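These numbers come from a predicted model, not from an experiment. So you know, we letter chains A, B, ... as the sequences are listed, proteins then strands, and number each from 1.
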2 protein chains.
Amino acid sequence: MNKLTMKEIAKLANVSQSTVSRVINGNTGVNEEAMKRVLQVIEEVGYVPNKAAQTLKKSQSNIIGVCLTETYNPYFVELVDALESEARKIGYSILLHNSKHNPITEWESIQNFIARQVDGIILVPTGEYNIQRISKLAIPTIVMTQNRKPLDSVGLDHMKAGKIVGEKFIHAGHKTFGYVGTNPDDDKFLGYKSALYENGFSFDLKNYIQLEETSKNNFLMRRDIEDYLNKVKSLDFTCLFTNNDIMALEFMKAARERNIKVPEDISVIGFDDTYLAKIMGISSIHQPIEEMVKTTIDILVDRMENEVSSESVQIKLDPTLIERMSS
Amino acid sequence: MNKLTMKEIAKLANVSQSTVSRVINGNTGVNEEAMKRVLQVIEEVGYVPNKAAQTLKKSQSNIIGVCLTETYNPYFVELVDALESEARKIGYSILLHNSKHNPITEWESIQNFIARQVDGIILVPTGEYNIQRISKLAIPTIVMTQNRKPLDSVGLDHMKAGKIVGEKFIHAGHKTFGYVGTNPDDDKFLGYKSALYENGFSFDLKNYIQLEETSKNNFLMRRDIEDYLNKVKSLDFTCLFTNNDIMALEFMKAARERNIKVPEDISVIGFDDTYLAKIMGISSIHQPIEEMVKTTIDILVDRMENEVSSESVQIKLDPTLIERMSS
DNA sequence: CTGTTAGCGCATTCAA
DNA sequence: TTGAATGCGCTAACAG
């Protein structure tokens, strides 16, 4: 059997190759008869147009490049899932890369996206490293879950989320506050602190359970948490906000082994509202993934269709707190 | 700035386009001088060759199409992760699709793979539906985690895994046995049963907690398990093997609420050894994902390189039981 | 309504 | 060692 190309279909249907093209692209102005014949041949032989040729010709690939930093956190999995569904709906495929928090790998992925003529990029960045270079690209790029200024971004309002948690704790009568995270300049933490200060409380830095930047899985997080607990002997706070659900989970497990009761002794609130939180009954800040993804794709489509790049947008969605037994 | 093409690079470096091509493809027989100049220009302008054109020309895309049935089970996430890493190492990208257990969606994904000229396909199939069609394709395809006969496959020996669990329970002194799953013809269950029968025990079908085929998330599984527990009043088995870790988890949670103690009242063993099992201390059959993925990619590479398609292979790796507190 | 034609960006053959 | 020429499969004028 010959390789299946338009030419081949044309021959079989007794028309010219361009007529086949017209039929496939749903162009008007094709004889009913001819169209039926072409369609039938296509059906019979199972012909599928070669995307590489289409891409080359149209400079449009119908691919969206997605580059994440990790898949360990279930949050990102739910994200990919939603992205794939949403992209599929509008005829796009997802080329998935994982930078694993490595800026070099990230840049390689971007290069690959360029080479493959992706129409758009969705990025969970490793940091600032490649942002400038990326913003100079001709390919529209949306950053998810964080703000990286020259680029468009869609994410939750982390500052506000931190505030909500802080206020929630205060209303519940707590007077001493803890936090688990990797970076004290993080917006979640800043929002949390500001809620405390605005209400006449303060945050004691010794209650910041600092995880190493590189502690990107349960095991490493757990180790850091254990280290902290072993060091401080007794906890000087009665409530705890964690940077994500995994940290909340690991803290709660470590606490249980030490007979620290959640929520009686310590209230815990996590972040992301992944199914980990649902499974374990952890209160958590909900990330409206569906909405975020829809918004992201909307902006991306807009950027892809309208060459004229207007000002970049930073969209911050409103966080909500889902309360469960841990608080 | 002009669009970056080889022609453009050639002009800037004062050589012909074909020389640029030679440099890029590491071909011998290029003047040292010229090569340096070309390389420098490429570096300066940040040129990346157009993959669409390369694909068209070489009929080779360096893409591996991956189509899963779900990402709800963390097992599949770990799988994708490993696939992406391994593929990247040998210069391939992953085009990720999710059929969501829908054969029609699955076939659409396959069509997309064909259109994109992927060099190979890795498939977690929705069932038998498309297997015949796929096996007729010119694209090498490997099925993961199950056997689908005309195709190559790599997976765990489910039958043996079932046996191991059955024998383990028997050695621990259990006399009555339970199972949670969606399909009683499943190899895991068959292996489990055979271990029982070989040792003079039997499996009472009323101890089969039947989940609906469509119960593909925690919530639905939980509902089915609750229904069962409400129906039977008291449990007629002292140990339980579940089709995957999520089911084990949900059973344990439901049990806890009913004051059924694990492992005192009931021993539980799950399947996949995902991090859910690790987090929750659930004994589980370990899936050697790394090894499976490496094997899969090896076979795929072999198939991609050697046109001559020899007999299909069905690789079944040996399962191991990881014991934790639940058993 | 339809066929002919000209590239899209690249790898590769053939001459030089 | 190099450049010119060809064609991968397709879309989109253009001419009929």
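Counting heavy atoms from C-beta outward, B/I42 and B/I24 have side chains that approach closer than 4.5 Å. Within the 4.5 Å cutoff, no side-chain heavy atoms of B/N98 are placed close to those of B/F76. For the pair B/W107/B/Q111, a side-chain contact is recorded, criterion being any heavy-atom separation below 4.5 Å from C-beta on.
Annotation: of the two residues near DNA chain C, B/I24 and A/T19, the 5′-most nearest-nucleotide partner is A/T19. Heavy-atom distances to DNA chain D give each of B/E32 and B/K58 a nearest nucleotide, and the one nearer the 5′ end belongs to B/E32.
The side chain of B/K3 approaches C/dC8 more closely than any other nucleotide in the set D/dT2, C/dC8, D/dC8. The side chain of A/K57 lies closest to C/dG7, out of C/dG9, C/dG7, D/dA4. With C/dT2, D/dG3, C/dG9 as the candidates, the nucleotide lying closest to the side chain of A/L56 is C/dG9. Comparing D/dG9, C/dC10, C/dG3 by their nearest atom to the side chain of B/M6 picks out C/dC10.
The structure places CG of A/D119 at 8.5 Å from CG of A/L300, a figure rounded to the nearest 0.5 Å. Annotation: the span from B/L4 atom CG to B/Y47 atom OH amounts to 8.0 Å, rounded to 0.5 Å.
Of the side-chain N and O atoms in A/T5, none sit less than 4.0 angstrom from OP1 or OP2 of D/dG9. OP1 or OP2 of C/dC10 sits under 4.0 Å from a side-chain N or O of B/Y47. At the phosphate of C/dA11, neither OP1 nor OP2 sits under 4.0 Å from any side-chain N or O atom of B/S18. Here B/N25 reaches the OP1 or OP2 of C/dA11: one of its side-chain N or O atoms lies under 4.0 Å away. OP1 and OP2 of D/dG9 both lie 4.0 Å or more from every side-chain N or O belonging to A/Q54. The phosphate of C/dC8 has neither OP1 nor OP2 within less than 4.0 Å of any side-chain N or O from B/N50. For A/S21, a side-chain nitrogen or oxygen approaches OP1 or OP2 of D/dT11 to under 4.0 Å. Phosphate contact (OP1/OP2 of C/dG3, side-chain N/O of A/Q17, threshold under 4.0 Å): absent.
One interatomic measurement links the two molecules: CD of A/Q117 to P of D/dC10, which rounds to 18 Å at whole-angstrom precision. In this entry the distance linking CZ of B/R37 with P of D/dT1 reads 15 Å, nearest Å. Rounded to an integer number of Å, the gap from CZ of A/R22 to P of D/dG9 is 20 Å. Nucleotide D/dT11 holds its P atom 15 Å from the NZ atom of A/K7, rounded to whole Å. For the pair A/M35 CE and C/dG3 C1', the computed distance is 19 Å after rounding to whole Å. Between the P atom of D/dG3 and the CD1 atom of B/I9 lies a distance of 15 Å, rounded to the nearest Å. Computed from coordinates, the A/N31 CG to D/dG16 P distance equals 22 Å when rounded to whole Å. Rounded to an integer number of Å, the gap from A/K51 NZ to C/dG9 C1' is 19 Å.
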*Go through the steps to decide whether A/L137 and A/I110 satisfy the test side-chain contact (heavy atoms from CB on, under 4.5 Å), and finish with yes or no.*
CA-CA 10 Å; A/L137 260 38; A/I110 301 293; 3.6 Å; yes
